[in-house]
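A short worksheet on the structure shown next.
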Amino acid sequence: MSNREHPTHDTPARPTGGRVAVLVTRPPPGLAETMEAVGARGWLPVASPMLDIVALPLLFAPAPRPQAIILTSGQAVGAIVRPDLLDVPCYAVGAATARRARDAGFIHVEMADEGTADGLGRMVAHDLSPAAGALLLAVGRGYGMELAGMLRDAGFRVRRRSVYRVMARGRLPARVAAMIGDRADAVMFFSPRTAQAFMAALTASQRAMLRQVRAIVISERTAAVLEMGEWRSVGVASTPDSAGMLACLGNGPLDPVT
């Protein structure tokens, strides 16, 4: 796939024909926020979540308490909202995750400026001491192994706990599938897992229709998953967050929703 783009600022998009829809594939709760932001940019947002999030109980003894909680996704926040943990320093991968932690009642929330798991690990290793106690790494099932290894290599005791699991949806809703052929200008992918689920759900004829559609992705890792498809273009966000994704999407042809 050689049509990869790296926009660095907001630019008006150039939809082809009547393509004014943007498919938003992220799951709730971030779905609603992104839908609103896409509409505000002059596009028709279409909810197209490809993952279902299933909460799991936090299996963690109340004592001794961790010296800090590490969050790589806002999906983990709900499982760790306990009275005995709300005053524990919380380190979040990005702005959206940090905001959810604060909204849930966590008092001390720090955010990794880079918005990546590697950046989060470096911040934790810089700010904290292994001698001060264990870290609670709350993640999805199957996630967080590399970060846990990175922190353990730095001398920390890491209690990695799976507090949710991710289930891919096997097919696209008929309404969403139909839009690929005539109305969809772009599809937004906020994670490699979401991109994998979307591509796996497409039929051969739907894959062929992607030649008229842009992909907007949060990272190079996510873009790599889309190599199997022939897209009109693939735009990689300049920063791995919602702001970067929206800037990469650009402004649409419709009157903005305010």
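Values reported hereafter were calculated over all heavy atoms of this structure, with side chains retained and with hydrogens, waters and symmetry mates removed. Predicted model, so just to flag it, every value in this text is computed and none were measured. The first residue in the sequence is number 1, and the count goes up from there.
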If we ignore hydrogens and angles and just use 3.5 Å, is the side chain of [X] paired with the main-chain N or O of [Y] as donor and acceptor?
X	Y	answer
Arg161	Leu136	no
Arg211	Arg232	no
Ser238	Gly244	no
Ser205	Thr203	no
Arg100	Ser73	no
Arg193	Val166	yes
Gln196	Ala168	no

Between Asp118 and Thr116, does any side-chain donor sit less than 3.5 Å from a side-chain acceptor?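 On atom types as modelled, these side chains do not qualify, holding no pair under 3.5 Å.
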Is it true that atom [atom1] of [X] has more than 12 heavy atoms of other residues, nucleotides or ligands lying nearer than 6.0 Å?
X	atom1	result
Arg141	CZ	no
Arg160	CZ	yes
Arg221	CZ	no

Side-chain heavy-atom pair [X], [Y] within 4.5 angstrom cut-off:
X	Y	answer
Phe156	Ser129	no
Thr194	Arg26	no
Val139	Ile70	no

Roughly how far, to the nearest 0.5 Å, is CG of Leu56 from OH of Tyr164?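 These two atoms lie 10.0 Å from each other.
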Out of curiosity, Cys248 SG to Arg214 CZ, how far, rounded to the nearest 0.5 Å?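 These two atoms lie 7.5 Å from each other.
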Intermediate values then yes/no, side-chain contact (heavy atoms from CB on, under 4.5 Å), Leu172 and Ile180: CA-CA 10 Å; Leu172 298 178; Ile180 296 175; 3.7 Å; yes
Might you work through the side-chain contact (heavy atoms from CB on, under 4.5 Å) test for Met209 and Leu202, ending with a clear yes or no? CA-CA 10 Å; Met209 295 175 188; Leu202 295 176; over 6 Å; no
Spell out, yes or no, whether Val234 and Val225 are grouped together once hydrophobic residues are joined by side-chain heavy atoms under 4.5 Å, including indirect joins.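 Different clusters.
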